[in-house]
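Okay, structure first, notes after.
As a basis for the values below, the full set of heavy atoms in this structure was taken, side chains included, without hydrogen atoms, waters or symmetry mates. Residue numbers start from 1 in every chain, and the chains themselves are labelled A, B, ... in the order their sequence lines are given, proteins ahead of strands. Model, not experiment: these values are computed from the prediction.
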Amino acid sequence: MPELPEVEVVRRGLEEFTTGRTIRSVEVLHPRPLRRHLAGPADFSDRLAGQKFLAPARRGKYLWLPLASGDAVLTHLGMSGQFRVQPVGATDEKHLRVRIRFDDDGGEVRFVDQRMFGGLSYSEGGAELPAEIAHIARDPFDPLFDTEAFVAGVRKRRTGLKRALLDQTLVSGVGNIYADEALWRAKLHYARATDSLKPLQIREILRHAHEVMADALAVGGTSFDALYVNVNGESGYFERGLAAYGQEGSPCPRCGRPIRREAFMNRSSYRCPKCQPAPRNARW
DNA sequence: ACTCCGCCCTGCTTGC
DNA sequence: TGCAAGCAGGGCGGAG
């Protein structure tokens, strides 16, 4: 569900509420979100008690909370994960999975996840960058993002452009929504063959992905429903900024043609049939 | 080595 | 009304 802008909104919210605080206890209410922590929920809780959080970090859609010990709590929101800050004693959310209490009088942090594609794990030595996500590419907001390596990587692939944009080992943070929006802005069809794109076109699609995610971040991200909210339970406002995604039948903001929805990768893709015509040598 | 599919979950919407 | 299928913004493991 959440892509880079939404995860960054959550990171900023957590930064305000967790940095410098010491954990008193961690309560795991469902084992599923701890599946990546192979030693099990009890071990996860035991290791965290008494530890102090440093400022949270993010790469793409992954988020981690470094600890003063040099380790980290690594998390991913999956499709429906949320972090919420609540006063101690507030009613439990229906899908509350993990509760973190602190040794001060402030509120608690809760991991809430309806579908449980998200989760948490304890990353030893992961404060700087958890080894578990070393394969994830830097995202476009990262000052060390290597544009030329991205251009070369995309051209080396033999696949469609949208598949490449969604491949988190080429560029991270882009999901189905912002891939469609970036493709619309760049006037490129999702099935354009990666190995026939010009370097300039690849730089352009990357620039648009960066810009559309920055635009979304500036207004708190995209929320279609209550499944994406910030740590205070508030929605973002970028849904009104979407030109293509979810806009089937609505006029293209550029040319007026109705936006088309098509099945793609067991999901949906939205495009303007005039601005983003199907290529001859399509790769799906 | 690279690419792609199926699957992990729950709940809301849609159509019969 | 009731039920089942379809769909939802992600990532991984393993098949080919």
Side-chain angles (χ1 to χ4, degrees), chain A residues 1-10 29-38 58-64 74-82 93-97 111-121 130 132-137 139 152-184 190-191 193-195 209 212-213 216-217 220-230 235-239 241-248 261-270 282-284:
Chain A
M1 154 193 152
E3 305 179 31
L4 186 153
E6 293 76 34
V7 179
E8 176 59 18
V9 169
V10 171
L29 293 94
H30 196 297
R32 179 75 191 156
L34 268 292
R35 67 193 177 285
R36 296 269 163 204
H37 186 76
L38 303 180
R58 182 189 55 72
R59 172 175 286 194
K61 304 169 200 168
Y62 277 93
L63 188 61
W64 68 97
L74 176 62
T75 90
H76 196 290
L77 302 177
M79 297 283 271
S80 56
Q82 308 174 351
E93 291 79 1
K94 183 176 180 189
H95 302 292
L96 175 63
R97 309 305 187 191
F111 182 71
V112 177
D113 191 358
Q114 176 196 109
R115 292 177 68 186
M116 296 190 290
F117 282 14
L120 304 85
S121 61
E132 295 87 339
I133 59 167
H135 64 292
I136 300 293
D139 60 63
V154 168
R155 299 190 82 203
K156 209 165 67 180
R157 291 296 171 94
R158 300 177 62 81
T159 188
L161 179 54
K162 185 170 174 182
R163 285 182 186 276
L165 287 174
L166 296 176
D167 183 340
Q168 305 296 301
T169 68
L170 283 173
V171 56
S172 67
V174 181
N176 206 32
I177 294 178
Y178 298 113
D180 278 4
E181 292 300 307
L183 289 164
W184 179 84
Y190 55 82
T194 47
D195 48 349
V212 71
M213 291 195 292
L217 176 59
T222 303
S223 306
F224 293 107
D225 50 38
L227 283 187
Y228 167 70
V229 292
N230 68 13
S235 295
Y237 295 101
F238 196 66
E239 184 176 8
L242 297 175
Y245 187 86
Q247 308 303 309
E248 183 179 18
R261 172 179 176 270
E262 288 158 347
F264 175 76
M265 290 175 75
N266 290 324
R267 291 196 175 82
S268 296
S269 271
Y270 298 85
R283 285 189 202 279
W284 308 92

Name the stems with DNA chain C in them: runs of three or more consecutive Watson-Crick or G-U pairs, distances under 3.5 Å? B:2-8 with C:10-16, B:10-16 with C:2-8
Reckon A:Tyr62 touches a base, only the sugar-phosphate, or nothing at all at heavy-atom distances under 4.0 Å? sugar-phosphate
Worked check of side-chain contact (heavy atoms from CB on, under 4.5 Å) between A:Met213 and A:Val174: CA-CA 8 Å; A:Met213 291 195 292; A:Val174 181; 3.9 Å; yes
Does the pair A:Phe238 and A:Ile177 meet the rule for a side-chain contact (heavy atoms from CB on, under 4.5 Å), with working shown? CA-CA 11 Å; A:Phe238 196 66; A:Ile177 294 178; 6.0 Å; no
Rounded P spacing from B:dC7 to C:dA5 in Å: 15 Å
Base, backbone or nothing for each nucleotide of nucleotides 3-16 of chain B, written B, S, -, heavy atoms under 4.0 angstrom, 5' to 3'? SSS--BBBS-----
Go through the structure and list residues passing side-chain hydrogen bond (donor to acceptor under 3.5 Å, both in side chains) with A:Asp167, not counting sequence neighbours. A:Arg157, A:Thr169
Atom-pair distance (NE2 on A:His37; P on C:dC12), nearest Å: 18 Å
side-chain contact (heavy atoms from CB on, under 4.5 Å) between A:Arg58 and A:Glu8: does it pass, once the steps are laid out? CA-CA 7 Å; A:Arg58 182 189 55 72; A:Glu8 176 59 18; 2.7 Å; yes
Round to the nearest Å and state the distance from A:Leu170 atom CG to B:dC2 atom C1'. 12 Å
Whole-Å distance separating the CD atom of A:Glu239 from the P atom of C:dG9: 13 Å
Could you tell me whether A:Arg59 sits above the aromatic face of A:Tyr62, with NZ or CZ closer than 6.0 angstrom to the six-membered ring centre and within 45 degrees of the axis? no
Tell me the interatomic distance from A:Asp113, atom CG, to C:dA8, atom P, rounded to whole angstroms. 18 Å
Figure out the NE2/P separation between A:His135 and B:dA1, and round it to whole Å. 17 Å
Nearest to the side chain of A:Tyr245 - C:dG10, C:dA8, C:dC12? C:dA8
Could you give the distance separating B:dT13 and C:dG9 at their P atoms, to the nearest angstrom? 16 Å
Taking CD from A:Gln168 and C1' from C:dG9, how many angstroms apart are they, rounded to a whole number? 12 Å
Which atom pair, heavy atoms only, marks the closest approach of A:Val229 to A:Ser235? CG1-OG, 4.2 Å
Residue among A:Tyr190, A:Tyr270, A:Trp284 satisfying ring pair (Phe, Tyr, Trp, His ring centres under 6.0 Å) with A:Phe264: A:Tyr190
Once you round it to whole Å, what is the distance between P of C:dA8 and CG of A:Asn176? 8 Å
Rounded to whole angstroms, how far apart are CZ on A:Phe264 and P on C:dA8? 13 Å
Using a cut-off of 4.0 Å on non-hydrogen atoms, how would the nucleic acid contact of A:Ser268 be classed: base, sugar-phosphate, or nothing? sugar-phosphate
Atom pair CZ/CG of A:Arg163 and A:Leu165 - distance to nearest 0.5 Å: 12.5 Å
For A:Tyr228, run the side-chain contact (heavy atoms from CB on, under 4.5 Å) check against A:Val7, A:Val10, A:Thr222 and tell me which one passes. A:Val10
